[in-house]
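Each ligand, and each atom within it, is numbered from 1 in the order the structure gives.
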Amino acid sequence: MRIAILASEGAPYAKSGGLGDVMEALPSALSRIEGNQVVLMLPYYKKIRENPAYEVEQVTQFHVSLGWRQLYAGILRLKDRDDGVTVYFIDNLQYFGHRDGAIYGSLDDGERFAYFSKACLDALVALDFIPDVIQCNDWQTAPVPVFLKAQYRPLFPDTRCMFTIHNVEYQGWAQGDFFDDVLALPWEYRGCLDMNGAVNVMKGAIETADLVTTVSESYARELMYPYYAHGLDGVLSAAAWKLTGITNGIDIRTFNPETDPALPAHYNASTIARGKAKCKAALQEEVGLPVNKDVPLMVMVTRLAGHKGLDLLCYIARRLMWEEDAQLLILGTGEEHFERFFRDLAEEFPHRVAAKITFDLGLAARIYAGGDIYLMPSKSEPCGLSQMNAMRYGTVPVVHATGGLRDTVPGVDEKGKGGLGFTFQSYNADDFYAALKRCISLFRDDRAGFRKLQKTCMAQDFSWDKPAARYMELFEKMRNQ
Ligand code: GLC
């Protein structure tokens, strides 16, 4: 099957979050399936352009018309990628090549990614790669199915389009005049992009794509409810017939405690006792906590953003420090009030708390390996990847049962049996605290039981094989629609 995957970020080239990880592993997993030809298209951001590791050749160039604008697009092919995926970058200096800093957050983001969406379709035509399936992701590439249906059908007579929601919070809102000025679509499409007079490109994608997916089964159900859907519950309920959840995998080659070059010691489920103890001691030392194997080390690698459930942790943090003999280690950056809170907490409890307010992939890996308990109390979580990383490294998760956390971390009983981690159902700090206490008790009072749970976590298949097969099933289904 010919598959084109379009996205605004993809690791290792450019990544701001989980979408970037998925765009590294999913194309690769799909290209391992026999008979598939996979193309991945990404914007040519400044930091990709300036990275000498990414050698490219220009294969073609043309102009994209976006309303009254005629905009340059250079199509660059990445020279070496050894997994069979063909990576193309869309080059435009004004929109991507000259900008420093974060990938998103410019005032003209709507225009930039409308351009990118259209340039991808034009590029597929110019490259004469007319795919069976286009898979596009989040609001940045949401204009793709709309353009496809409204203007590109003659060029792509049999191409089907899947739109995947990684996070419904960001929808691509614009003022009403964006419709004529930038998208310049035929008037009959105004309705499908309209939300109270404004333009919402994600809504347009949900209505025009052949299938809509999201990144876990529970989140697919949650998306029908106002609490989770950020205003799109009605639109998503109406599209329920074509909405499916496919739980993400993780890159089990990169995240492998037996080979991960970032770790001070390597281990698998049978050598976990020694290997993980070494990783824990080295980690405690690295972050300045007392080296002690008997104190449970609770860890968290996260963006310091509200929906990650940090308010619950802030609420219980001091009580936790007074009542429990445990250590807490946080790695991440984000909202300033959270950064300040954890810095202060570390100052107040220097022997118990370490806060690393930075972005450090190596340290993240050492934390997955060196921690005992992984905290992820997210308020909502479309899928979440780090709980899977943690489990793969034998760190027991304590999570809020929502979205992908509910699907990947079935709850255990008091004895730590019958699941993979400790869960709480309603989003409140006392329930979180109770789940955490149960986990700490298991660690302290039943080491054998805790070890068994760690091994059960490590034995799970979090690879992309199954999700990739599910994507293929849905691609086939679209083709037969
Ligand atoms: C978004 C979601 C996260 C998900 C990731 C990859 O970042 O917030 O839950 O794991 O996308 O799909």
Side-chain angles (χ1 to χ4, degrees), residues 5-12 14-30 40 42 102-105 135-142 162-172 202 205 212-223 227-230 232 243-252 254-255 300-310 332-335 359 364 368 374-392 397 399-409 427 462-464 466-468 470-471 474:
I5 300 180
L6 317 180
S8 55
E9 59 178 275
K15 163 180 152 177
S16 81
L19 172 62
D21 291 313
V22 173
M23 288 302 120
E24 178 171 31
L26 174 62
S28 197
L30 289 171
L40 170 66
L42 300 167
I103 300 180
Y104 316 119
Q135 191 270 341
C136 49
N137 300 279
D138 276 351
W139 74 265
Q140 293 89 344
T141 47
M162 172 188 283
F163 177 63
T164 301
I165 301 173
H166 296 261
N167 193 339
V168 81
E169 210 175 323
Y170 311 105
Q171 300 174 357
M202 188 177 267
V212 178
T213 66
T214 186
V215 289
S216 69
E217 280 165 37
S218 289
Y219 195 61
R221 282 190 299 274
E222 289 169 354
L223 283 177
Y227 180 82
Y228 291 102
H230 294 266
L232 285 179
L243 173 64
T244 313
I246 304 178
T247 304
N248 290 328
I250 54 168
D251 191 334
I252 58 166
T254 314
F255 290 104
M300 205 167 173
V301 177
T302 183
R303 265 184 305 122
L304 298 176
H307 78 267
K308 293 292 178 187
L310 294 156
T333 60
E335 292 169 25
F359 180 84
Y368 293 129
Y374 192 79
L375 310 184
M376 200 152 172
S378 308
K379 187 169 188 183
S380 68
E381 196 59 78
C383 178
L385 302 170
S386 60
Q387 80 279 12
M388 291 188 265
N389 299 341
M391 286 188 275
R392 179 142 168 82
V399 307
H400 176 214
T402 185
L405 294 173
R406 176 189 288 280
D407 297 346
T408 55
V409 188
Y427 187 72
F462 293 121
S463 77
W464 268 97
K466 273 190 222 149
R470 285 282 290 136
Y471 275 92
L474 292 185

Next on the checklist: Tell me if a side-chain donor or acceptor on Y427 pairs with a main-chain N or O of S380 at a distance below 3.5 Å.
Outcome noted: no
Next on the checklist: I want to know if ligand 1 touches N248 in the polar sense, i.e. an N/O pair below 3.5 angstrom.
Outcome noted: yes
Checklist entry - Just heavy atoms, cut-off under 4.0 Å: does D21 contact ligand 1 by side chain, backbone, both, or neither? => result neither
Checklist entry - With side chains defined as the heavy atoms from C-beta onward, is the minimum distance between S8 and W139 less than 4.5 Å? => result no
Checklist outcome for this item: If we number the atoms of ligand 1 from 1 as shown, the ones under 4.0 Å from a heavy atom of N167 are 8 (O)
Checklist entry - Just which atoms of ligand 1 are under 4.0 Å from any heavy atom in P382? => result 2 (C), 8 (O), 9 (O)
Checklist entry - Just going by heavy-atom distances, which of G403, G384, G18 is nearest to atom 4 (C) of ligand 1? => result G384
Next on the checklist: Please report whether ligand 1 has a polar contact with H307, defined as an N or O pair separated by less than 3.5 Å (distance criterion only).
Outcome noted: no
Next on the checklist: I'd like to check which ligand 1 atoms, numbered from 1 as shown, lie under 4.0 Å from a non-hydrogen atom of V22.
Outcome noted: 6 (C), 12 (O)
Item to check | Ligand-residue contact atoms, ligand 1 with V215, heavy atoms, under 4.0 Å | outcome: 12 (O)
Next on the checklist: Among residues at least two apart in sequence or on other chains, which ones pass side chain to side chain donor-acceptor pair (under 3.5 Å) with T333?
Outcome noted: none
Next on the checklist: Show the atoms of ligand 1 that are less than 4.0 angstrom away from any heavy atom in L385.
Outcome noted: 10 (O)
Next on the checklist: Please report whether ligand 1 has a polar contact with G17, defined as an N or O pair separated by less than 3.5 Å (distance criterion only).
Outcome noted: no
